[in-house]
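Notes follow the structure.
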Amino acid sequence: MTAAILSPLGEHLLHRMLEEPTCPGEACEGKNPGRQGCDEDARTFKPATGNPAVLQLRYSEECQAVWAKIEHGGKGDLVTVEVSGGTKRAAEINYGDDQYTPMVHVGDDEFEVSACAVPKAGGAGTYEYYCIHGTEATAWR
């Protein structure tokens with residue numbers, strides 16, 4: 001029983017039952033937003049135009065964290081997220097066409113954040129390197 005609760009799936013299910021993030025604030029730095037429950041209250045900024053890889057920023061006010069997600073990349077492409085004056089995280093698409101980064105702590109005050117889609121050199125990507133930017137005042141949905 002203990003092993004089942006301590007497994008990633010058990011941890012995820014236990015969190016879902018409690019409906020609170022397991023890592024508010026700086027404790028979320030570098031962690032998986034889904035496993036920590038930060039995706040529950042997350043809002044999204046996804047530009048409708050000029051966004052060929054469907055890049056998005058996700059923000060959880062409760063967790064005080066952001067992360068980036070790419071939806072139409074290719075194997076080997078990278079997605080990055082960086083807080084101005086703070087941490088930068090990246091994740092590579094290993095299979096499928098989507099991936100998200102680990103979380104970056106932003107606090108509960110003003111912040112500036114950038115997410116970038118980085119196609120694999122020589123890959124089959126249909127887009128060029130580009131970034132989107134957001135702040136705490138961005139029109140998060």
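Counting begins at 1 with the first residue of the sequence.
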Any [X] side-chain heavy atom under 4.5 Å of [Y] side chain:
X	Y	value
Glu82	Val104	no
Asp98	Lys69	yes
Pro33	Arg58	no
Asp39	Tyr100	no

Heavy atoms from other residues, nucleotides or ligands near CD of Glu112 exceed 12 (cutoff 6.0 Å):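 Open: at most 12 neighbouring heavy atoms sit under 6.0 Å from CD of Glu112.
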Glu61 CD: over 12 foreign heavy atoms closer than 6.0 Å: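 It does not: Glu61 CD has 12 such atoms or fewer within range.
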[X] side chain to [Y] main-chain N or O, any donor-acceptor pair under 3.5 Å?
X	Y	result
Gln99	Glu92	yes
Asp77	Lys120	yes
Ser60	Asp41	no
Trp67	Gly30	no

Aromatic plane relationship, Trp140 with Phe111 - under 30° parallel, 30 to 60° tilted, over 60° perpendicular: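 Plane angle between 30° and 60°, so tilted.
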Stepwise side-chain contact (heavy atoms from CB on, under 4.5 Å) check, Tyr59 with Val113: CA-CA 10 Å; Tyr59 170 49; Val113 62; over 6 Å; no
side-chain contact (heavy atoms from CB on, under 4.5 Å) assessment of Thr87 paired with His105: CA-CA 8 Å; Thr87 306; His105 177 251; over 6 Å; no
Cluster link Tyr130 to Phe45, ILVMFWY, side chain under 4.5 Å: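 Same hydrophobic cluster.
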